Amino acid sequence: MKRFMLFAATAILGVTAVHANSTDHHRDVEQWRADRVARLTAPAGWLSLIGLEWLQPGDNRIGSAADNDIVVSAMPAYLGVVNLRADGSVHLALAADSGALIDGKPLREATLVDDVQAGEGAPTLVSMGTVSFLVIDREGRKGLRIKDTEAPTRRDFVGIDYFPIDSAWRIEADWVPASAGQTLEMGTVIGTTEKYPVPGTARFSRDGKTFEILPVIEVPGDAQYFVVFADRTSGRETYGAARFMYIDPPKDGKVTLDFNKAYNPPCAFTAFATCPLAPPENRLDLRVTAGEKNYRGGHAD
């Protein structure tokens with residue numbers, strides 16, 4: 001698809017930037033950036049990912065030895081067997097000398113709860129030394145998300161580059177409530193498609209044009225809405241697939257879009273994430289020169 005076909009704008013209503021105290025706003029964004037980096041670089045943060053291994057039906061032997069079905073160099077030679085059963089459940093049987101813990105307990109086997117089954121709780125965590133893994137479910141496809149606190153991506157993190165903080169990119173947008181049952185489909189980097197509820201449309205103006213963004217409800221009950229968008233900087237100054245942003249629910253028919261808090265998805269830092277791609281509805285014919293720039297640490301789109 002040609003690049004100019006990836007963007008959309010509509011000429012409807014106009015709104016203005018939020019007139020907030022620029023000093024307070026600058027401090028707020030600086031604190032947000034510090035918190036964001038702290039989460040990203042935490043021992044179990046996205047930078048610790050070292051693998052994403054999709055399970056095959058039946059037994060999947062895992063460990064560092066070359067004759068395992070899943071080879072992870074940071075693990076014991078033969079950690080155990082992960083069995084993907086016909087009913088979709090995942091059962092782990094550990095080797096007697098694995099030294100691994102299941103949710104912190106020295107169990108020999110267990111049925112593993114994946115991230116979808118866990119809901120608002122936590123999926124089962126299997127850990128050994130600096131390495132851990134859990135099961136993820138992507139449209140019925142089960143895989144192991146493997147992390148290591150000593151991962152090169154975490155150890156060699158080079159920091160995040162940003163556009164200058166600019167209060168003009170903190171925009172008050174008109175809010176148009178969605179019709180009942182409205183959803184938004186988003187593709188992912190692993191080729192799946194995910195569908196999310198849409199609570200409404202944020203409509204704002206910039207450079208004499210009016211644009212629309214569709215936030216989604218990522219998880220039922222979330223306090224904020226999730227935005228996945230791309231713009232004219234994508235693939236050049238910013239990460240090509242998308243950037244993310246969270247916004248508060250509307251108040252008095254308005255929502256605030258602070259593009260200074262637009263950030264890179266995990267896929268900008270690691271090849272082992274399953275990030276959504278910006279849907280056509282959220283590809284803006286606009287250079288959003290705010291928020292995080294492309295990561296210079298070496299991982300390509």
Side-chain angles (χ1 to χ4, degrees), residues 1-10 46 49 51-57 84-90 112-120 123 134-146 176-202 211-222 224-235 238-247 257 262-285 288 294 299-301:
M1 184 180 291
K2 294 183 179 179
R3 182 170 292 273
F4 72 89
M5 295 177 67
L6 297 177
F7 303 89
T10 54
W46 287 109
L49 278 175
L52 175 60
E53 300 288 347
W54 298 108
L55 298 174
Q56 299 300 316
L84 176 57
R85 295 172 169 171
D87 62 2
S89 63
V90 177
L112 307 182
V113 177
D114 64 49
D115 61 343
V116 173
Q117 294 169 332
E120 295 183 6
L134 53 82
V135 181
I136 66 171
D137 183 325
R138 296 297 177 267
E139 296 189 333
R141 189 181 181 193
K142 303 293 179 81
L144 303 183
R145 174 171 283 165
I146 307 167
V176 181
S179 57
Q182 184 176 348
T183 60
L184 181 64
E185 289 189 351
M186 285 190 272
T188 71
V189 296
I190 62 171
T192 59
T193 300
E194 299 179 354
K195 185 180 293 186
Y196 297 92
V198 173
T201 301
F211 304 90
E212 292 184 348
I213 275 185
L214 297 180
V216 299
I217 298 172
E218 188 178 16
V219 177
D222 275 357
Q224 291 184 304
Y225 300 150
F226 183 45
V227 176
V228 180
F229 77 96
D231 64 274
R232 285 289 184 186
T233 69
S234 301
T238 61
Y239 186 61
R243 284 189 287 170
F244 295 169
M245 183 168 61
Y246 282 92
I247 66 172
L257 305 173
Y263 67 97
N264 290 324
C267 292
F269 305 95
T270 175
F272 304 119
T274 60
C275 309
L277 306 171
E281 294 86 345
N282 287 352
R283 295 183 177 269
L284 305 172
D285 186 11
V288 178
N294 214 345
H299 174 65
D301 289 8

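Note that the structure is predicted; figures quoted are calculated from it, not measured.
Proximity of Y225 to V216: side-chain heavy atoms (C-beta onward) are nowhere separated by under 4.5 Å. In this structure, T188 and T274 have side chains that are not in contact, with every pair of non-hydrogen atoms separated by 4.5 Å or more. Counting heavy atoms from C-beta on, the side chains of N282 and M186 never come closer than 4.5 Å.
Using a distance-only test at 3.5 Å, with no hydrogens or angles considered, a donor-acceptor pair links the side chain of T238 to the main chain of T233. Looking at Y239, its side chain does come within 3.5 Å of a backbone N or O of C267 through a donor-acceptor pair. Of the possible donor and acceptor atoms, one in the side chain of D115 sits under 3.5 Å from a partner among the backbone N and O of D137. Judged by distance alone, the side chain of D231 and the main-chain N or O of V288 form a donor-acceptor pair under 3.5 Å.
Interatomic distance, OG1 of T201 versus CG of L214, reported as 4.5 Å (0.5 Å rounding). Distance check, rounded to the nearest 0.5 Å: CZ of F229 to CG of L284 gives 7.0 Å.
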task = Kindly indicate, with the supporting measurements, whether the criterion side-chain contact (heavy atoms from CB on, under 4.5 Å) is fulfilled by L134 and L112.
result = CA-CA 8 Å; L134 53 82; L112 307 182; over 6 Å; no
request  = Test V135 against L144 for side-chain contact (heavy atoms from CB on, under 4.5 Å), laying out the working first.
outcome  = CA-CA 5 Å; V135 181; L144 303 183; 3.9 Å; yes
request  = With side-chain contact (heavy atoms from CB on, under 4.5 Å) as the test, would you mind laying out the steps for I136 and W54 before giving the verdict?
outcome  = CA-CA 9 Å; I136 66 171; W54 298 108; 4.0 Å; yes
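Considering all non-hydrogen atoms of both residues, L55 and L84 come closest at O-CD2, 3.8 Å. What you find for D285 and F211 is that their closest heavy atoms are O-CE2, 3.5 Å. The minimum heavy-atom distance linking R243 with A262 is given by the pair NH1-CB, 4.0 Å.
Among pairs with a residue in residues 186-198, those fulfilling salt bridge (charged side-chain N to carboxylate O under 4.0 Å, His left out) read E185-K195, at least two apart in sequence or across chains.
Legend: residues meeting side-chain contact (heavy atoms from CB on, under 4.5 Å) with V113, ordered by chain and number and at least two apart, are Q117, A118, T124. Residues that satisfy the ring pair (Phe, Tyr, Trp, His ring centres under 6.0 Å) test with F244, not counting sequence neighbours, are F226, Y263. Judged as a side-chain contact (heavy atoms from CB on, under 4.5 Å), and not counting sequence neighbours, the contacts of S89 are R85, D87, T111. Applying the side-chain contact (heavy atoms from CB on, under 4.5 Å) criterion to Q224, with sequence neighbours excluded, gives Y246, D248. In this view, A278 and V228, A230, A242, R283 satisfy the side-chain contact (heavy atoms from CB on, under 4.5 Å) rule, not counting sequence neighbours.
Note on R138 versus D114: no salt bridge recorded, every NZ/NE/NH1/NH2 to OD/OE distance being 4.0 Å or above.
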